[in-house]
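All heavy atoms count here, side chains included; hydrogens, waters and symmetry mates do not. Counting convention: from 1, in listed order, for ligands and their atoms alike.
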Amino acid sequence: MRRVVLAYSGGLDTSIAVRWLIENRDAEVIAVAVDVGQEADATSDSWEAIRQRALAAGAVEAIVVDARQEMAEEFCFAAVRANARYEGKYPLVSALSRPVIVRHLVRAARDHGAHAVAHGCTGKGNDQVRFEVATRALAPDLDVIAPARVWGLTREQSVEYAAKWEIPITVTKEKVYSIDENLWGKSIECGVLEDPWADPPEDIFTMTRITAGSPVEVVVGFEQGVPVSLDQERLAGHDLVVALGRLAGSTGFGRLNMVENRRVGIKSREIYEAPGALALLMAHADLEDLTLERDLQHEKTRLEPRWAELVYDGMWYSPLKQALDAFMTESQRHVTGEVKLRFSPPGLGAVVGRRSPVALYDRSLATYDTGDTFHHEDAEGFVRLWGLGIATWAARQGEGRSES
Ligand code: ARG
């Protein structure tokens, strides 16, 4: 028997995938559920319940890995350093979790002598790309199996399959949305949302329900581009993202309603909630305005979209991404300081102040009041030379030329 490590979520598809791999690939299945901070609300299962379900579905072993801290500090905070927003908008919520999950799948594959890893993605999305390319990068010798791309079951048939094999799963007759979640946010697709004109129903939102009656303020502290504190209290990465997300989300801040280009050539309508992520990205970019030297900042803003694209496209573990990370990290040496954010219901968030011990903002240079140290006389010669080429062009070739 060959061993397969399956990325297991506890849902219908990955549960029947366990049985499918046994029946169709003659495999021993090791189910690995990775906790990347999926919200544990009243309706969701405990990790132990998820583990037990994998075993009930036929897995020989089921493992739960707590990857919240590395997800926050290695993956989400790298995205903060890169001000990462795919196509200028999407903070890479799902894209960031796949390389973390793959790291643990590969580790489990090694520990258990597996020959392949498997995932529950269909053929239309980005997540299959991320799972497979990341697996190839970390373990080129492992096979990848994608049961849901092969079996061609409708949802109804999947439910029947689960019933036939007595896999204990509670499913509603119709699954309305496809939801993917981690501590960085939530991606919501399908159902009525497939009409890009349709207004998303209010009840899909869980992280951005408005409970605050008045504006809230918070100060985020950064050290070398890494978020380290909220209102001067030092917090571990995961706790900081979650706490900031709760605060910002309580005012309705953090929703995105957009259309994006998937790697596989499909445009899709997406709803995201990412209050903590969007708040941190906003604060971080603002602190860079205060602390980054101009040329460094301008060059960095040219590289940021590339970083986001690579991560979106499944290239987390790739030489270009690694090299860009080195640049991003080096650029953050002096991105240290505090940013004051204000969130006002319904859904408004803004930076209202920033300060840094290494700010490049110099009041004595910027001021129009007394205490000015700027040499005004230097400006005259500077501006004349700055415009010299233009003056020459205008006289010889431009509108101002003297025809004679
Ligand atoms: N379009 C987003 C992305 O590619 C969200 C994907 C959500 N994944 C899911 N399995 N529902 O990152």
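Residues Arg136 and Glu132 are not paired through a salt bridge, judged by the lack of any N-O separation under 4.0 Å between the basic side chain and the carboxylate. Between Arg85 and Glu304 no salt bridge is recorded (no basic side-chain N to carboxylate O distance below 4.0 Å). A salt bridge links Arg110 to Asp141: at least one charged side-chain nitrogen sits closer than 4.0 Å to a carboxylate oxygen.
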Enumerate the pairs of nitrogen or oxygen atoms, one from ligand 1 and one from the protein, separated by less than 3.5 angstrom; state names and distance to 0.1 Å.
unit_1	atom_1	unit_2	atom_2	d
ligand 1	1 (N)	Glu189	OE2	3.3
ligand 1	1 (N)	Glu260	OE2	2.6
ligand 1	1 (N)	Glu270	OE1	3.3
ligand 1	1 (N)	Glu270	OE2	3.0
ligand 1	1 (N)	Tyr272	OH	3.2
ligand 1	4 (O)	Asn126	ND2	2.6
ligand 1	4 (O)	Arg130	NH1	3.3
ligand 1	4 (O)	Arg130	NH2	3.0
ligand 1	8 (N)	Asp127	OD2	2.7
ligand 1	10 (N)	Asp127	OD2	3.1
ligand 1	11 (N)	Ser178	OG	3.0
ligand 1	12 (O)	Tyr90	OH	2.5
ligand 1	12 (O)	Arg130	NH1	2.9
ligand 1	12 (O)	Arg130	NH2	3.0

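Between Trp165 and Trp20, the ring centre distance reaches or exceeds 6.0 Å.
The number of heavy-atom neighbours closer than 6.0 Å to CZ of Arg149, taken from other residues, nucleotides and ligands shown, is above 12.
A distance-only check finds a donor-acceptor pair linking the side chain of Arg255 to the backbone of Thr208 [under 3.5 Å].
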